[in-house]
Amino acid sequence: VPEKKIFQEEEKNMKKIGYFFKKGRKKRRKRTFKPGGLFHYQIKADSSFIFTFLLLISSAALADVPINIFKTTNLYAKFLDHSKIKSIITDNLELSEDLHYKVNVKVMYEKSGKPDYLIVYILSNETYFYETIRIDIDGDYNVDSIKEKYKETKADYSQGTVDIYASCPNDSIEMVFATSETGIPTAVNGVKAIAQTARNAGYSVQTLLGSSENRSAILNWLACDNLIFFGRIGHGSTSGIMVSNGTLSYTDFQNMSSNALNDKVLYFNSCQVHNSPLQPSVVSAGVQKYIGGIDNLSIGPSEEVFKCVADNAIAQHESLTSSLASCEASEYPYIGAHGISGNGSDYVGDGGSSGDCSAPTMNVTDISSSSISVSWNNAGANSYKVYYLKSGGSSW
């Protein structure tokens, strides 16, 4: 508990504000602004103090944070002035390269075709968390209001997106591992390492990197009958995960049938995704087991937990619950940052609703120093996996 408290206090100090509103919002200027932990001043209304404060801010601390405007199917999007949208962000939010990895923007339109408001996703540079802000604008790109900690509505998710009729790309694939954050080395290396662990264990694996990790791709892979594990590393929140072309939200899982995710393990290495509304939405779709961040997951240590779980649960065929507990204890600064839920089997590949198949009768013959023969009767299942451990070995 003391370790967790210390870690959370450090995280809280690193993330205090990170941005503040510039125009006409003096009460915001009383809040603490601490870019990168380099200095810690209290901003006040006094103009001379603000001027001195701004002089002290290094160009490195306030370097340009990348701003990405999501593409949309809206017909009016081709008339959008991208430069004015980016100016709205830079003129109204103070961003620090030390604290912020990237800003994604979704533009919402009026029926007349004019931009109505912006949904702004600010991605952390320290954790896999994104914060959502709504900026209301008029037809001339003037800012009317700014709403912090905005909770998106179903209408927000539906505008500018296409309904996905999921279709499995390749039913021979058993595990998929993904990240859209190719600019974060630990995310890419984590996905590649986990994928190799699964291949070494005998599974057929697909990786999705960069733009390949998008909303339609994930929904299509989750539709595969033979898929038993989907894992990803990237930013998230209580409402969904950030992918290359927008968000995969809790509404996408609410639209699934109650058995859509049967026999599948989902691992989202993302912040706060093991909370409502996303967590109960995933579970209601029949997921075997669902693992994700309860708290904000730090970039770096969280990938080590995921790699450890993959080694234990996929390669060694240990239980997911015990693997997560032991890996979090050994690889993360404190215990309790991750959560696991779901009513299915606690073992990867065992599924959660295999029906009334009986256990097969198995015979082992022709034993020698280098080989054995194994045979069994078909007891109702379509296929079986046999795990074996060589004498003196450590891997099944």
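Values in this document were obtained by computation on a predicted structure and should not be read as measured data.
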Just how far is it from atom CG of Leu278 to atom OG1 of Thr238, taken to the nearest 0.5 Å? 8.0 Å

Kindly compute the distance separating CG (Leu266) from CZ (Arg232), expressed to the nearest 0.5 Å. 11.0 Å

Ignoring hydrogens and angles, tell me if any N or O in the side chain of Lys264 forms a donor-acceptor pair with the backbone of Ala223 under 3.5 Å. no

Inter-residue atom distance Leu209.CG - Ser244.OG, 0.5 Å rounding: 11.0 Å

Out of curiosity, Lys102 NZ to Met242 CE, how far, rounded to the nearest 0.5 Å? 8.5 Å

Can you give me the closest heavy-atom contact between Asp81 and Tyr141, atom names plus distance? N-OH, 3.1 Å

Is there a path from Val105 to Val143 through hydrophobic residues (I, L, V, M, F, W, Y) whose side chains come within less than 4.5 Å of each other? yes

Ring centroids only, cut at 6.0 angstrom: are Tyr121 and His235 within range, meaning strictly under it? no

Can you check whether Ile122 reaches Leu93 side chain to side chain, under 4.5 Å on heavy atoms? yes

Looking only at heavy atoms, the pair that brings Ser249 and Tyr157 closest together is CB-CE2, 3.4 Å

Output yes when a side-chain donor or acceptor of Asp252 lies under 3.5 Å from a complementary backbone atom of Leu248, and no otherwise. no

Under 3.5 Å, is there a donor-acceptor pair linking the side chains of Thr247 and Arg215? no

Begin with the C-alpha distance, continue with both residues' side-chain angles, and end with the deciding distance and a verdict on side chain to side chain contact (heavy atoms under 4.5 Å, CB included) for His100 and Asn125. CA-CA 5 Å; His100 305 118; Asn125 212 13; 5.6 Å; no

Yes or no on side chain to side chain contact (heavy atoms under 4.5 Å, CB included) for Ile218 and Ile241, after CA distance, side-chain angles and deciding distance? CA-CA 11 Å; Ile218 294 175; Ile241 57 174; 4.3 Å; yes

For a quick check under 3.5 Å, do Ser341 and His274 share a side-chain donor-acceptor pair by atom type? yes

Is there side-chain contact between Ile228 and Asp263, with heavy atoms separated by less than 4.5 Å? no

Heavy-atom side-chain contact between Thr132 and Val120 under 4.5 Å: no

A side-chain contact here means heavy atoms from C-beta on lying under 4.5 Å apart; do Ile184 and Ile299 qualify? yes

At their closest point, which heavy atom of Glu152 faces which heavy atom of Lys106, and how far apart are they? OE1-NZ, 3.3 Å

No-hydrogen, no-angle side-chain donor-acceptor test under 3.5 Å, Asn68 and Asn104: yes

Does the side chain of Leu118 come within less than 4.5 Å of Ile88's, by heavy atoms? yes

Is any side-chain N of the basic residue among Lys149 and Glu131 closer than 4.0 Å to the acidic one's carboxylate O? no

Shortest non-hydrogen contact from Ile194 to Ala310? CG2-CB, 3.7 Å

Going through the distances and angles, do Tyr334 and Asp295 end up as a side chain to side chain donor-acceptor pair (under 3.5 Å)? CA-CA 11 Å; Tyr334 65 90; Asp295 298 342; 2.8 Å; yes

Hey, does the side chain of Thr182 reach the backbone of Gly210 with a donor-acceptor pair shorter than 3.5 angstrom? no

Start with the C-alpha gap between Tyr117 and Lys147, add the side-chain angles, then the distance that decides, and say whether side chain to side chain contact (heavy atoms under 4.5 Å, CB included) holds. CA-CA 11 Å; Tyr117 60 95; Lys147 300 174 183 177; over 6 Å; no

Looking only at atom types and distance, does a side-chain atom of Gln288 sit under 3.5 Å from a main-chain N or O of Tyr347, one as donor and one as acceptor? yes

Indicate, with yes or no, if the rings of Phe230 and Phe177 have centres closer together than 6.0 Å. no

Can you see which heavy atom on Lys114 is nearest to which on Gly139, and at what distance? CD-CA, 3.9 Å

Any heavy-atom pair between the side chains of Val348 and Leu320 that's under 4.5 Å? yes

Taking side chain as C-beta onward, heavy atoms only, is Asp144 less than 4.5 Å from Asp138? yes

Using modelled atom types only, decide if a donor and an acceptor are shared between the side chain of Asn170 and the backbone of Ser172 within a distance under 3.5 Å. yes

Would you check if Cys224 and Pro169 make a side-chain contact, meaning some heavy-atom pair closer than 4.5 Å? yes

Between Glu174 and Arg199, does any side-chain N to carboxylate O distance fall below 4.0 Å? no

Hey, is the main chain of Ser167 close enough, under 3.5 Å, to the side chain of Asn220 for a donor-acceptor pair? yes

Between the side chains of Asn189 and Glu303, is a donor N or O closer than 3.5 angstrom to an acceptor N or O? no

Side chains of Tyr130 and Ser237 only: does a donor on one sit below 3.5 Å from an acceptor on the other? yes

Looking at Arg134 and Asp136, does any basic side-chain N land under 4.0 Å from a carboxylate oxygen? yes

Any donor-acceptor pair under 3.5 Å linking the side chain of Tyr332 with the backbone of Ser298? yes

Can a side-chain donor-acceptor contact be found between Asp346 and Thr321 if the only test is distance below 3.5 angstrom? yes

With a 3.5 Å cut-off and no angle check, do the side chains of Ser322 and Ser319 form a donor-acceptor pair? yes

Do Ile294 and Tyr128 belong to the same hydrophobic cluster, where Ile, Leu, Val, Met, Phe, Trp and Tyr are linked whenever their side-chain heavy atoms lie under 4.5 Å apart, directly or via other members? no

Is the closest side-chain donor-acceptor distance between Ser112 and Glu110 under 3.5 Å? yes

Would you say the rings of Tyr290 and Phe268 are close, in the sense that their centroids are separated by under 6.0 Å? yes

When you group the ILVMFWY residues by side-chain heavy-atom contacts below 4.5 Å and let the links chain together, are Leu208 and Val188 in the same group? no

Distance only, no hydrogens: is a donor on one side chain within 3.5 Å (strictly under) of an acceptor on the other, for Asp156 and Tyr150? yes

Atom CG in Asp171, atom CD1 in Ile173: separation rounded to 0.5 Å? 9.5 Å

Flag yes if Val205 and Val309 sit in one hydrophobic cluster, no otherwise; membership is Ile, Leu, Val, Met, Phe, Trp, Tyr, and two members link when side-chain heavy atoms are under 4.5 Å apart. yes

Quick check for you: to the nearest 0.5 Å, what is the distance between Phe306 atom CZ and Glu328 atom CD? 14.0 Å

Taking atom types as modelled and ignoring hydrogens, do the side chains of Ser371 and Ser368 form a donor-acceptor contact shorter than 3.5 angstrom? yes

Between the side chains of Thr197 and Asp311, does any donor sit under 3.5 Å from an acceptor? no

Do you know the tightest heavy-atom contact between Ala337 and Leu297? O-CD2, 3.7 Å

Hey, does the side chain of Thr179 reach the backbone of Ile233 with a donor-acceptor pair shorter than 3.5 angstrom? yes

Between Ile67 and Thr90, does a side chain to side chain contact (heavy atoms under 4.5 Å, CB included) hold up when you go through it step by step? CA-CA 9 Å; Ile67 299 174; Thr90 57; 3.8 Å; yes

